[in-house]
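Structure first, then comments.
All heavy atoms count here, side chains included; hydrogens, waters and symmetry mates do not. Just so we're on the same page: letters track the sequence lines, and every chain starts at 1.
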There are 2 protein chains.
Amino acid sequence: MLLNPRPDPAPSAHDRVYRGLRGRIMHGELAPGLPLTLRGIGAEFDVSMTPAREAVRRLSAEGALTISSSGRVSTPELSNDRIEELAALRALLEVELASRALPRAHIALIERLQSINSRIAEDIARQDAVAYIRRNLEFHRTLYLRAQAPAMLAMAETVWLQLGPTMRALYGRLRRKDPPHYHRLIISALKAGDEPGLRLAVRSDVTQGLRMLVA
Amino acid sequence: MLLNPRPDPAPSAHDRVYRGLRGRIMHGELAPGLPLTLRGIGAEFDVSMTPAREAVRRLSAEGALTISSSGRVSTPELSNDRIEELAALRALLEVELASRALPRAHIALIERLQSINSRIAEDIARQDAVAYIRRNLEFHRTLYLRAQAPAMLAMAETVWLQLGPTMRALYGRLRRKDPPHYHRLIISALKAGDEPGLRLAVRSDVTQGLRMLVA
DNA sequence: TGGCGCATTTCGTGATCACAAAAGACGAAT
DNA sequence: ATTCGTCTTTTGTGATCACGAAATGCGCCA
């Protein structure tokens with residue numbers, strides 16, 4: 001008997017649309033305030049309005065899209081207060097996730113993180129904002145997966161999703177040269193098993209970038 | 001000119017369904033594992049399948065409903081691990097919310113909380129589990145509204161939503177006689193402006209009930 | 001040149017329908 | 001009595017359509 005490792009011969013249309021849009025939003029490929037239409041989304045993914053609407057509805061429930069009172073769909077434009085709040089949420093959730101991941105962080109994980117980190121440096125050198133955002137989130141997700149806390153990780157990803165378009169606007173204007181300093185602190189704290197240091201490093205890394213966006 | 005305080009003459013169908021289902025789930029009116037059908041929901045709210053599906057899709061995005069691989073909809077049956085994780089999330093978020101509400105908590109708010117608390121005692125005397133859950137959440141929400149942190153409050157409510165059916169199962173079997181002890185500690189800490197005490201009281205209140213559910 | 005009003009187009013909403021897959025009911029064979 | 005196979009029913013999915021509202025474009029007038 002041959003069990004297919006991917007028992008998914010027919011992914012549903014709305015899920016395909018959902019995943020496609022979600023990826024673009026989270027990785028900052030869509031600018032804040034960008035208007036979308038159901039018919040446009042449907043045409044782009046080659047489906048009718050029905051699954052497009054379901055995907056949009058789901059994304060708006062996660063805060064990845066905003067729907068005006070007249071039903072118009074667009075990527076969110078966040079106020080400074082909201083950005084600060086989301087940054088505080090990131091700090092709250094991700095510090096906890098990192099803390100839970102710490103006792104399970106073996107050497108293989110740390111090497112993976114270092115590998116991701118060096119690729120981030122390449123993305124920075126190439127000035128590729130989207131790749132940088134994606135790789136940065138991959139760094140964090142790789143660490144947090146070890147926390148064995150799926151609901152908490154899902155919430156953190158929801159926050160990333162809400163910040164996606166805004167992060168694009170941030171890293172677009174920010175011309176940085178150096179790889180993220182706090183990522184190296186995170187790795188050091190992981191190696192040393194230093195929980196307070198890890199918490200501080202994660203909090204700093206998460207808060208750092210958002211601060212200049214508010215300015 | 002007479003401005004209507006409710007400028008919502010025509011609430012959309014899917015929103016009506018969403019709100020209706022959400023309230024029932026959050027307040028524990030639906031048992032865990034209860035199967036639902038789109039046609040049934042549509043008939044109950046007197047709409048077609050389309051808005052019913054949108055509401056269900058949105059609720060499943062919030063974790064209030066689970067959708068099987070074949071598309072079947074039901075209220076979630078949470079594992080013990082998931083319950084513990086959600087309790088930890090409640091602690092994390094609500095301690096922060098209470099802490100942010102503390103400096104803005106005036107006497108009028110505290111009186112409102114005491115009023116809600118005495119009604120909780122009545123609900124307990126009446127052995128009305130649904131009313132108890134609803135009032136208990138009202139107590140927490142009233143406090144957290146003062147935190148001026150809408151995104152954080154929304155996340156906390158999402159956790160409540162996921163725990164709704166399970167809380168029903170909990171308070172159904174639990175025959176308690178006394179009003180919640182930790183609510184009085186919360187009020188005391190608010191009066192005294194005691195932040196560490198408040199954080200501890202909220203954490204205890206949130207963790208308390210869930211512990212015996214895991215047993 | 002700038003603002004106003006009307007017609008056209010675009011867009012979201014919700015109902016309906018055909019289709020396929022899953023679940024359930026029923027009966028026969030062991 | 002139980003299990004297996006089949007047939008019927010139930011259910012979710014996605015496309016299409018009609019409708020009304022919102023937005024857009026355009027021309028007119030000041």
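- In the region residues 54-73 of chain B, proximity to DNA chain C at under 4.0 angstrom, judged on heavy atoms, holds for S70(B), R72(B).
- Ring centers of H140(B) and Y144(B): under 6.0 Å apart, within the cut-off.
- The salt bridge (Lys or Arg N to Asp or Glu O under 4.0 Å) contacts involving residues 30-48 of chain A comprise R24(A)-E44(A), where partners must be two or more places apart or lie in separate chains.
- In summary, E54(B) and R53(A) engage in a salt bridge, as defined by a charged side-chain N under 4.0 Å from a carboxylate O.
- Within the 4.0 angstrom heavy-atom criterion, only backbone atoms of the sugar-phosphate kind lie near L36(B); the bases stay farther away.
- Protein chain B touches strand DNA chain C; the 5'-most and 3'-most nucleotides with an atom under 4.0 angstrom of its non-hydrogen atoms are dG14(C) to dA23(C).
- Salt bridge R100(A)/E96(A): present, at least one basic N to carboxylate O contact under 4.0 Å.
- Between R58(B) and D15(B), at least one side-chain N (NZ, or NE/NH1/NH2) sits under 4.0 Å from a carboxylate O, which counts as a salt bridge.
- Using a 4.5 Å cut-off on side-chain heavy atoms (C-beta onward), I67(A) and V56(A) make contact.
- Atom CG in L38(A) sits about 16 Å away from atom P in dA22(D), given to the nearest Å.
- We find that R141(A) and E157(A) are joined by a salt bridge, their nearest charged nitrogen and carboxylate oxygen being less than 4.0 Å apart.
- The shortest side-chain heavy-atom distance between R90(B) and L163(B) falls under the 4.5 Å cut-off.
- Between R39(B) and P51(A), the residue whose closest nucleotide on DNA chain D is further toward the 5' end is R39(B).
- D15(A) has its CG atom 10 Å from the P atom of dT13(D), to the nearest Å.
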